[in-house]
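Let me begin by presenting the structure, written as structure tokens, before commenting on it.
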Amino acid sequence: MINIAFSFEKDIEFQNVLALYENAGWTAYTSNPKKLQQAINQSFFVITAWHGTQLVGFLRAVGDGLTIIYIQDIIVLDSFRRKGIGKEMIRKTLDKFNDVRQILLLTDNTQSTIAFYESVGLQQTKNLKLASFIRLKN
């Protein structure tokens, strides 16, 4: 992996985070930056990845941190993908919350996405005879 520094500090320049969301094309978030900033501020856990002074990775989680956490967002700058940054952010999150029974995330149902999350030790709920339910509002 290239020289990447990780931080658990949540107080970072919001424009850097917004640039990551824009790079990922996550318009559901970028269409309302004020709401995104508030959501990040209210997240109980954040990990960032830095290449020098450039923010190249971001993960945030919501939940109580004791019985459940939900990995809400994980983003790696397009030009830094496939360099182990996302895996390391997930690994650090799983290590930090090793005693938490339920660690969840919801993501796209593509083969590459499934392969990525399975490679870091997460399982599809269907393989555990569980069901997932969601209400998405546009």
Side-chain angles (χ1 to χ4, degrees):
M1 184 166 57
I2 59 175
N3 189 19
I4 298 294
F6 296 91
S7 172
F8 297 101
E9 178 60 44
K10 191 163 66 168
D11 187 27
I12 57 176
E13 179 67 36
F14 177 68
Q15 289 304 318
N16 292 332
V17 178
L18 184 60
L20 276 180
Y21 281 81
E22 288 171 344
N23 179 262
W26 289 9
T27 57
Y29 291 102
T30 59
S31 64
N32 191 337
K34 185 176 180 179
K35 193 175 197 178
L36 173 60
Q37 186 171 23
Q38 186 177 9
I40 291 168
N41 290 341
Q42 292 180 6
S43 298
F44 85 93
F45 176 75
V46 166
I47 184 170
T48 54
W50 299 86
H51 184 251
T53 59
Q54 182 182 18
L55 179 65
V56 298
F58 180 82
L59 179 151
R60 74 180 180 106
V62 297
D64 61 28
L66 300 170
T67 62
I68 189 168
I69 72 165
Y70 186 93
I71 298 172
Q72 177 61 36
D73 300 328
I74 179 169
I75 306 171
V76 175
L77 191 65
D78 190 36
S79 58
F80 283 81
R81 290 186 189 145
R82 304 199 62 81
K83 299 184 185 306
I85 297 167
K87 281 187 179 185
E88 187 64 14
M89 288 191 301
I90 293 275
R91 188 193 65 75
K92 288 180 179 298
T93 303
L94 296 177
D95 287 351
K96 182 166 180 64
F97 298 102
N98 188 47
D99 292 336
V100 174
R101 181 172 179 265
Q102 293 182 64
I103 299 176
L104 312 160
L105 77 100
L106 180 68
T107 190
D108 300 330
N109 188 20
T110 65
Q111 193 56 41
S112 62
T113 302
I114 292 167
F116 170 75
Y117 287 110
E118 287 179 342
S119 78
V120 296
L122 300 178
Q123 299 178 58
Q124 294 186 60
T125 56
K126 70 179 183 178
N127 297 337
L128 301 170
K129 297 187 179 165
L130 297 171
S132 301
F133 301 90
I134 188 170
R135 175 185 155 209
L136 284 178
K137 192 172 184 180
N138 294 344

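Because the structure is a prediction, the values reported are computed rather than measured. Values reported hereafter were calculated over all heavy atoms of this structure, with side chains retained and with hydrogens, waters and symmetry mates removed.
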* Checking side-chain contact (heavy atoms from CB on, under 4.5 Å) for the pair T93/I103: CA distance, chi angles, key distance, verdict? -> CA-CA 10 Å; T93 303; I103 299 176; 5.6 Å; no
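- Contacts of Y117 classified as ring pair (Phe, Tyr, Trp, His ring centres under 6.0 Å), with partners at least two apart in sequence or in another chain: none.
- Two residues are said to be in side-chain contact when any heavy atoms from C-beta on lie closer than 4.5 Å; Y21 and P33 fail this criterion.
- Contact check on D78 versus R81 returns a salt bridge, with a Lys/Arg side-chain nitrogen under 4.0 Å from an Asp/Glu carboxylate oxygen.
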* To do: Verify side-chain contact (heavy atoms from CB on, under 4.5 Å) between I75 and V17, making sure each step is shown before the conclusion.
  => CA-CA 9 Å; I75 306 171; V17 178; over 6 Å; no
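- Proximity of a side-chain donor or acceptor of T113 to a complementary backbone N or O of N109 within less than 3.5 Å is not detected.
- Evaluated for a side-chain contact (heavy atoms from CB on, under 4.5 Å) with L20, the options V56, L77, V76 yield exactly one hit, L77.
- Judged as a ring pair (Phe, Tyr, Trp, His ring centres under 6.0 Å), and not counting sequence neighbours, Y70 has no contacts.
- Environment of NZ in K92: crowded, with over 12 heavy atoms of neighbouring residues, nucleotides or ligands closer than 6.0 Å.
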* Kindly determine whether E88 and I4 satisfy side-chain contact (heavy atoms from CB on, under 4.5 Å), including the steps that lead there. => CA-CA 10 Å; E88 187 64 14; I4 298 294; over 6 Å; no
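- Here the CH2-CD1 distance, from W50 to I12, works out to 5.0 Å after rounding to the nearest 0.5 Å.
- To the nearest 0.5 Å, atoms CG (D73) and OG1 (T107) are separated by 10.0 Å.
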* To do: Begin from the C-alpha positions of E22 and Y29 and carry the test side-chain contact (heavy atoms from CB on, under 4.5 Å) through to its verdict.
  => CA-CA 9 Å; E22 288 171 344; Y29 291 102; over 6 Å; no
Which atom pairs, one a donor and one an acceptor, fall under 3.5 Å between side chains of residues 38-45 and the rest of the protein, sequence neighbours left out?
residue	atom	partner	partner atom	Å
N41	ND2	Q37	O	3.3
S43	OG	A39	O	2.9
S43	OG	R60	NH1	2.8

